[in-house]
Amino acid sequence: MSFSSRWAAFSKGLNDFYAGPYRKTFGVARRDEDDHFMLVVLAESLGVPDPAAYYTAELLPAVYEDFHDWHQRSGIPRSPLDHISCC
Amino acid sequence: MLLTDAATRHAIFVGGKGGVGKTSIASSLALARAQQGARVLVVSTDPAHNLGHLWERPIGDDIVTLWRADGQEGAGTPGCVDGIEIDPARTVDAHLAAVSTTMTRMLPERLHRAARDHLESARKAPGTYEAAVLERVAETLETGLDRYDLVVFDTAPSGHTLHLLSMPEAMTDWTEKLLANRDRSERFSVAYGALGGTKDTSDRDAELRRMLLRRRARFSLMRDTLADPRRTGFVIVTVAEPMPVAESREVASQLESLGVTLMGVVANRLSPAELMPVRREREEALLANLDLGAPITRIPLIDELVGLAALERLAGVLA
């Protein structure tokens with residue numbers, strides 16, 4: 001291994017060591033925002049009456065793919081919606 | 001008085017208690033303006049539509065012509081009245097069909113059925129019907145302001161209409177909150193990416209943002225139009241009896257808190273003084289105590305108010 005590639009690896013390691021925790025913080029913060037958004041969009045089907053269901057319905061397609069990750073992360077092992085059987 | 005005031009407005013909401021003659025006042029006001037050469041659109045937002053019955057012709061969710069100034073071609077003042085009866089069910093259908101198409105485009109096949117079922121639950125949600133009415137009102141207001149000189153809304157009885165008028169404000173807030181949520185998510189995402197993380201969902205985020213921005217534009221246009229006293233006015237129709245008068249007071253105070261301008265009050269179906277002097281006196285006493293901060297227009301009782309001839313008489317009284 002040449003010096004430059006070793007240096008690059010070392011530098012990356014340092015970067016991960018210092019930036020990693022911050023990155024994690026931002027990642028978690030972002031996920032919290034997204035989870036909140038998911039909750040708003042899914043309110044009606046989770047049994048929370050949502051007067052804006054007409055409008056949230058059109059946001060649904062854009063969050064649907066994340067649904068499986070979301071309910072698992074929220075500590076619900078199986079899909080909480082009768083009609084969505086993603087797992 | 002009412003007609004001169006109406007000539008400066010672009011949108012007029014006609015409201016009041018059930019059965020006081022909102023539809024006939026809205027229609028005759030539209031006709032009177034059209035006779036002056038204005039292009040007018042009358043929109044019924046009441047689920048129990050009366051517009052068609054009054055004009056003696058079928059009116060539906062698409063615009064139909066109700067009256068046209070004849071022999072006026074080339075005169076430069078081609079007045080007309082067009083009408084529309086809002087059908088929220090059709091709006092809900094069209095909306096959900098559009099969302100369904102987007103879903104089919106964006107989602108993998110295995111999720112299609114689930115997504116469709118989900119949409120059915122939105123169809124049955126309590127606010128869906130109201131949202132559809134709001135959507136259509138916003139839509140007709142947009143096209144109406146564009147293509148007509150005046151849009152007259154013949155509204156549902158007071159409670160429904162006040163709720164409807166408060167919705168643009170509430171829904172603008174709602175979209176603002178969700179947009180703020182998207183902003184934060186995006187900023188975190190950028191910071192995350194700058195620190196070496198990867199998660200590329202930019203297409204999806206752009207789509208969400210686009211939809212929210214479109215919603216906000218529509219809601220805030222309606223909110224701003226409603227609150228603009230130079231463009232929009234509300235007319236309360238009442239009859240000179242204790243309960244409708246009490247409700248009119250209530251409506252006037254709620255309009256004030258909503259920031260919607262009350263441009264006039266119509267006291268409809270007043271008893272003929274020569275036939276029923278005592279009754280008329282009682283009515284006048286009620287009206288004398290009714291100071292809502294807007295001029296009161298008195299309309300005498302007109303028998304069998306159906307059809308164009310009757311509307312022309314009523315328009316004559318307004319003018």
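Residue numbers begin at 1 in each chain, while the letters A, B, ... track the order of the sequences.
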4.5 Å side-chain heavy-atom contact, B:Leu208 and A:Phe37: yes
Test your reading of the model: is there a side-chain donor-acceptor pair from B:His95 to the backbone of A:Tyr54, 3.5 Å cut-off? yes
Sort A:Thr56 into side chain, backbone, both or neither according to what part of it lies under 4.5 angstrom from a heavy atom of chain B. both
How many angstroms lie between CG in A:Asp34 and CZ in B:Arg182, if you round to the nearest 0.5 Å? 4.5 Å
Counting heavy-atom pairs under 4.5 Å to chain B, which of A:Ala19, A:Ala53, A:Ala29, A:Ala52 comes out on top? A:Ala29
May I ask you to test the A:Tyr55-B:Met211 pair for a side-chain heavy-atom distance under 4.5 Å? no
Please test B:Arg214 against A:Glu58 for side-chain contact (heavy atoms from CB on, under 4.5 Å), starting from the C-alpha separation and ending with a verdict. CA-CA 12 Å; B:Arg214 203 179 40 142; A:Glu58 68 183 357; 3.4 Å; yes
Which of B:Ala194, B:Ser185, B:Ala98, B:Ala125 touches chain A most, by non-hydrogen pairs under 4.5 Å: B:Ser185
Within a strict 4.5 Å, meaning less than it, do heavy atoms of the B:Asn181 and A:Val40 side chains meet? no
To the nearest 0.5 Å, what is the distance between CD (B:Glu186) and CZ (A:Arg30)? 8.0 Å
Is it true that atom CD of B:Glu176 has more than 12 heavy atoms of other residues, nucleotides or ligands lying nearer than 6.0 Å? yes
With heavy-atom distances below 4.5 Å as the criterion, would you say the side chains of A:Val41 and B:Leu178 are in contact? no
Report the option among B:Ser100, B:Ala131, B:Ala170 that has the most heavy-atom pairs separated by less than 4.5 Å from atoms of chain A. B:Ala131
For B:Met167, which atoms come within 4.5 Å of any heavy atom of chain A: side chain, backbone, both, or neither? neither
With a 4.5 angstrom heavy-atom cut-off, which part of B:Thr101 approaches chain A: side chain, backbone, both or neither? neither
